[in-house]
Amino acid sequence: MYTELHARSAFSFLEGASLPEELAGACAELGIPGMALLDRDGVYGAPRFFLAANKSKICAHVGAEITSEAGWRYPLLVTSQEGYQNLCRLITRMKLRARKGEGHVQIAELADRTAGLICMTGGEEGPLAHALGNGGIKNGIRCMQQLCELFGRTNVYVELQRHLSREEEARNQAAVEIARRLHLPLLATNGVCHAVPQRRQILDVFTCIRNHKNLGSAGRLLSLNSERHLKAPAKMKRLFSDLPEAIANTQELSSRLQFTLNDLGYKFPVYPVPDGATQIHFLRKLSRDGLISRYGNVNERARLQIEHELTVIEKLDLAGYFLIVWDIVRFCRDRGILVQGRGSAANSAVCYALGITAVDPVGMDLLFERFLSEERGEWPDIDLDLPSGEQRERAIQYVYQRYGQLGAAMTANVITYRGRSAAREIGKVLSFDVETISRLTKLVSAWEYKAANDTLANQFHDAGFDLKHPQIRKFFDLCLEVQDLPRHLGQHSGGLVICQGQLDSVVPLEPATMPGRVVVQWDKDDCASMGIVKVDLLGLGMMAVLEESLQIIHKQYGEEIDLGKLPANDPVVYSTLQKADTVGMFQIESRAQMSCLPRLVPKCFYDIVVQVAIIRPGPIVGQMVNPYLKRRQGRETVDYLHPSLEPVLARTLGVPLFQEQLLRMAMIAAGFSGGEAEELRRAFGFKRSEVRMKDIEQKLRLGMTRNHIASEIQEKIILAITSFALYGFPESHAASFALIAYASAYLKCHFLPAFTAAILNNQPMGFYQPATLVKDAQRHGLKVRPVNVTCSDWLCTLEENGEDFAMRLGMRCVTGLRREVAETIVRERAIFPFTSIHDLKLRVPFIHKSELTMLAEIGALNFISGKNSIHRRDALWQVERVARRAGPLLEKIELPAMSEGEFHAEERLYGDEPSGFKTSPLKPMTSEEKLRADFNGTGMTVGPHPMSYHRKKLKRQGVRCASELSSLPNGIPVRIAGAVIARQRPGTAKGFVFLSMEDETGIANAIISPQTYDTYHLIVVHQQFLLIEGQLQNQENVISVKAEVIRPLPIVRVESSSHDFH
Amino acid sequence: MAFASVYVPNFMLQAAVRAEPELRDRAVALVDGDPPLWKIVATNAAARRAGIEIDMGGSQAALFPDIEIRRRSRSQEKMAHAAFLDVGWSASPRVEDNALDTIVLDIAGLTSLFESVKNFAAELTERSASIGLHPNVAVASNVEVAIHAARGFPGITLIPPGEESARLSSLPIEVLLPSIETQETLRRWGIRTYGELATLPVPQLSERLGQEGVRLHELACGVYSRALVLADPETSFEEELALDFAVTELEPLSFLLGRLLDQLCARLTARSLAASAFCLRMELQDSVEEDPQLIRKRSQSNINLRTFEKTLRLPVPMRDSKTLLKLIRLQLQSDPPHGSIVKIILSAEPARPRAGQKGLFVPDSPDPEKLEITMMRLAGLVGNANVGSPQLVNTHRPGEFRMAPFSPAAQESHFAHKYVATKTALKEKETSPQSHRTAIAFRRFRPELAANVDSQEGRPCLIYFRGMRGNVIAASGPWRTSGDWWEERGWRQDEWDIEIHFDSSAKKQNSRAIPQNGLYRVYYDWVRRSWFVRGRYD
């Protein structure tokens, strides 16, 4: 029998062309009993290979190719846990001292860590080939002796690979000679780089990408042939028929490789508890304290729930995990960092009592088993939302400090080749010119929804590419082939893994691109599969907005707002929500949410929870939205799929909207335990486990039949579960988000200036561009002032404006202006106000001409000389003068600072009139020019909306304002026009496109049918301003225009942008 | 002083239409680049109206109905330009070759020949039209004013002295062709026309835009003054001979060619120049089209049978008409024209003559002229593509090489190189893993020999080639190579090194001496699905 002991997967990053799952699949197909995955400098693909191999009942050996100082590689195999730990530490050490993606092992390091490792001699990149190439047999013998000294004579195998190459065979003959002389065992491998021969093309493409070449110029860097694929044992036997022992030894060596990833030796850290207490005792104490502060002394239900949860936690030995998360939350609270647990953790009363989550699971009757159960046999998952940016970084650094650099690390995020990245790289490899590549990559994006005639072939044809052309066809095929193959390792946005003792002995660590960060070689799913505990510290833009809003309110209004104690049922908030006036509000601002809000008419907090959860693919695909809304409006009777389900579905009027409801439905209807129900959810949500899904579906049917549920009802229940499980929110998660949504709505309604400043300061985030946010705030009465170097800070700030506040745009809004420049401007003007643009240039000498020009162009320099304002073109005229470099003679001479008078004198000397300094021969900008400059320089305008300049003309054409539409009757033909601020073609909308168009009075919505879209798709996609004719739809206060004719609006062309969801 | 500027708008397209006048009333677009990556570089108004845009992909443009798409031809443009210059020289001896699409004429004293300046401009337009170009013509007392007016105003523009600034003021600033940076600054300043630029104060403009600003200002005011940069008509060395009677034989043709060469070489000698290349173009009689074979050949290969063209690239610049005639004769012998010749155009590419001194201790090498003649003779025997120095190509494809022009290296460096190469080879031999084995030479068959091979258990056992039959007594392989899978010329081959014992009965049938045993390299070509013998080991 033959075992393949040297294979690389695509996790060797550009040196392998098949995923570990494909390799495992091919092994199973070819009857190979086992395979060793040796990725380059890592065990990146090991968990995925291990899982896939387990499924196929294949032995998954672990190893890696480790780069030596000279550039060749040691192919190492792991025999034991000690060997695995040594390998991980070796990799960690070499990686951590090198730049990202580089590193090599030093021979001294290797000498200390060879126990449990077996060294092969590799193929053309191995030590023996290198030695033979640099000194023939003699050197080869010397090399083998060194390897024997390092690893021990019994742990070195002379590897033979046969890829039908003369050169390689010559090397093999030398290797056999050396093995005979030194009495070392021979080992046949195939140095596998891809599962099937056809994948060699991808390997060649990767070789080109790695070497920055194209296929035409890569020459002999490309593969000699396609022989590096997995070969059946019989074929390998034939290949090595002259050396049968080389094949036999694969089996012998495979039996020595006892280590599997089941024996990782991972332990979660022990939380240091006060003297005399155990972790569970300490957790009980904290939970009881929390119970009193959250529920008071009298809530028996809560007490019982907490006791139940603590029993489960104790049984599963998870007290340490809860304490560690509590510790992180405590750290954040102590430092005033907003933090809130989200996800299924909000189902836990213990988490609520510990202050990890903010939603009361007892009051909301949430299902604890959705979070943790004895049956599941896996770690719970607690996600913490933190303000994005510096605050989150502080929390992450705290974890590093607390558990040490080798005790905690971020989980990786495997960046794979997706549509555009694949197209760009393949285009380069096929030597397409830049423009063609960009045209081709644009093609690949496509919408989320694919119409029947929206095939890639049609798209290629429309863009003028003929798929019958061999080169274009090859491009197309390669793009498809390369999809989902790993490209490089990134860092997950917030997943942290923590380990008792040395994490580097469990999984190799690498430096992340961000300084001070360490990342493990596995992504979060792999970590979860391998049983490594993860805490997600996620950055949430809205948390940062809330935090900053509170700071601004404290500073400007002198008020302290506690988000935990916001007035419930605030009438202003609910009336705003009912009108769908929700631009900028968390989770409820999208077009779909806005079209639902007037129908749902939220009146209490739970309505917001429903609102957050209902606009999700699950409820939409499962056709739950309309029944729920109709029942809510009393237009449809409330009924339940089965009478037994009434308690579960009662509060959502018989319509399942949350994941927990599905789980409870399974528990009630089919008699599932909590753990089984959760297993069901995971099975439906997990793409790759179709068999498991079928098993559970069967179990579900059996249970329901046992409970005498009719088969048609069974079908309905199963349909509800299948369409919903993956894409629905857990109720706890929706509740956590609803809290943030309510807080954002409250702040926007009551502290608009502070909220607007904060949301602009945290861009990019949310659904709308700053231009839309500013216009919305202006329509709500906020006075927004433009950027002005004499009073703008880097961030947007509030200025007094009578009894209220106006908002001053910060210099961060200026395109291309560096933060250090803005901060120097602020510092300098605090010392002494600027007297002129020349003065500014002298005092901020490192400001670039482009930055000065941009400031002048948007009018930020108009007031630099005090109250005698100049116009934008005056400023541009002066900028051109002060920014001009001196000639070579004077270039290095530092000019002394000049007073304005001196400068005027100098101007006189050179023929300029003093007044010429203040003014210019240029004409002021027209309104249209100012508008264009504003959009070009800040992406927005604080002046009138671009549409307002054309209102008279548009009125003559019969175009209605957005604000007029609500007063018009349903069904009449209308014309609307505006700037497109969002385009959506959701996968769930059967090809319909939704447009949001803004004018000076508000936002109008248009719906484009697939047929109309086919006719006008180029205009819809490419034009910034549109005029739409169609029928007004005013149903249940949801107003939109069903487009029939779409025309571009030939008005000023500004660099505004929309939020497009393709 | 008066100057006339003639500017051909949309020159690229006009040059194409000039070559194909029937396109004049059609919607035409020019593409540049190679398919599938070609794109539109010029269009006429009809094509623009139909929706064709510059930079659009060629295949995309091809989807539009009724659009004539032609490939951009630089030679057409060059010829159009040469003809354009001819128009200039036909009207004035003092011509500036300003750009491919612009010429300027000094017309001082010439207008009396045409009665008025306007008539002169009209005559220029007419003469240009006669060569298929439709220009704008502007006459002014200043070279630059004339150029800018021609670029900016359609038709004929006459600008009397003193009115320059006023007349130019409405022109858009882009006609000035400022640098991108300056154009951007002017845009920001809201300066859109010459007139607006002219109002800006010069000293302040100079402080802001430097010398470029001052120059642009003067141009905008129409006061930038410079002398005409006269084009030298002698830079193109071309001789032409139209024949009353068609020539069909090489001998009389040689006589005529000799005359043309003598004239050209004399002109080159007078200017102390030599020729680095000659282009011979011959126009052939129409009657050749009657030959159905030739008509078929033309339709297959898309060759224009009315002309015959040959370019003779020389290894060193030469001007010896006798040597040159020999070379041209050799070329014509190996590839004769396919019809009777009615016109001969011979042009020379001028270059500095060869000057060099040989090393004192360097052995003499063949005279380059003689060497070239020898090379040409060889090319006549074996074909142009099969002469030169072989060069290895960076590929795994077995036996792949390309022929580069034969150019012996300079003597000193040649010897140094040879020494270093030998030393390196020796060192490599010492250190190579195979150094313990005896090297054998491999004699490659070109072309490779077709063979029939019988296999047993996947290994060759019997082989037939060159009328011989042999048993394979040992075989090593297969050695597999494949590549260029992204192209149509992808390959996949399995090579075998085989020892053949030739059948003695075959010996009798074949008159050639056949070795008893032989070591050969054979391969199976998976694309052609056939066996071949690649060569023999000595």
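Lettering of chains follows the sequences in order, A, B, ..., and the numbering in each one begins at 1.
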If you count heavy atoms of other groups shown closer than 6.0 angstrom to [atom1] of [X], is the number above 12?
{"X": "A:K213", "atom1": "NZ", "result": "no"}
{"X": "A:K237", "atom1": "NZ", "result": "no"}
{"X": "B:E53", "atom1": "CD", "result": "no"}
{"X": "B:D66", "atom1": "CG", "result": "no"}
{"X": "B:Q456", "atom1": "CD", "result": "no"}

Measure distances from [X] to the heavy atoms of chain A and classify the residue's part below 4.5 Å as side chain, backbone, both or neither.
{"X": "B:D494", "answer": "neither"}
{"X": "B:E196", "answer": "side chain"}
{"X": "B:T395", "answer": "backbone"}
{"X": "B:E181", "answer": "side chain"}

| said: With chain A as the partner, which of B:A62, B:G477, B:G210, B:A61 has the greatest number of non-hydrogen pairs under 4.5 Å? | reply: B:G210
| query | chain A contacts: which residues in residues 525-533 of chain B have a non-hydrogen atom closer than 4.5 Å to it? | reply | none
| So, the side chain of B:N394 versus the backbone of A:R220: is there a donor-acceptor pair under 3.5 Å, distance only? | yes
| message | So, using ring-ring contact (aromatic ring centres under 6.0 Å, His included) as the criterion, who are the partners of B:F64 when residues are at least two apart? | response | none
| message | So, using salt bridge (charged side-chain N to carboxylate O under 4.0 Å, His left out) as the criterion, who are the partners of A:E124 when residues are at least two apart? | response | A:R228
| field | Side-chain heavy-atom pair A:L922, B:L200 within 4.5 angstrom cut-off | value | yes
Heavy-atom distances under 4.5 Å only: say whether [X] touches chain B with side chain, backbone, both or neither.
{"X": "A:T853", "answer": "side chain"}
{"X": "A:Q201", "answer": "both"}
{"X": "A:S226", "answer": "both"}
{"X": "A:A218", "answer": "backbone"}
{"X": "A:E168", "answer": "neither"}
{"X": "A:L222", "answer": "both"}
{"X": "A:E227", "answer": "side chain"}

| message | Looking only at side-chain N and O atoms, does B:W486 offer a donor or acceptor that is under 3.5 Å from a partner on A:D204? | response | no
| Can you name the side-chain contact (heavy atoms from CB on, under 4.5 Å) partners of B:R443, sequence neighbours left out? | B:D538
Could you measure the distance from the [atom1] atom of [X] to the [atom2] atom of [Y]? Nearest 0.5 Å is fine.
{"X": "A:E880", "Y": "B:R188", "atom1": "CD", "atom2": "CZ", "result": "7.0 Å"}
{"X": "B:T481", "Y": "A:R166", "atom1": "OG1", "atom2": "CZ", "result": "9.0 Å"}
{"X": "A:R200", "Y": "B:S482", "atom1": "CZ", "atom2": "OG", "result": "3.5 Å"}
{"X": "B:Q493", "Y": "A:N225", "atom1": "CD", "atom2": "CG", "result": "12.0 Å"}

| note | Scanning both residues in full, the closest heavy-atom pair of B:Q204 with A:W877 reads CB-CZ2, 3.5 Å
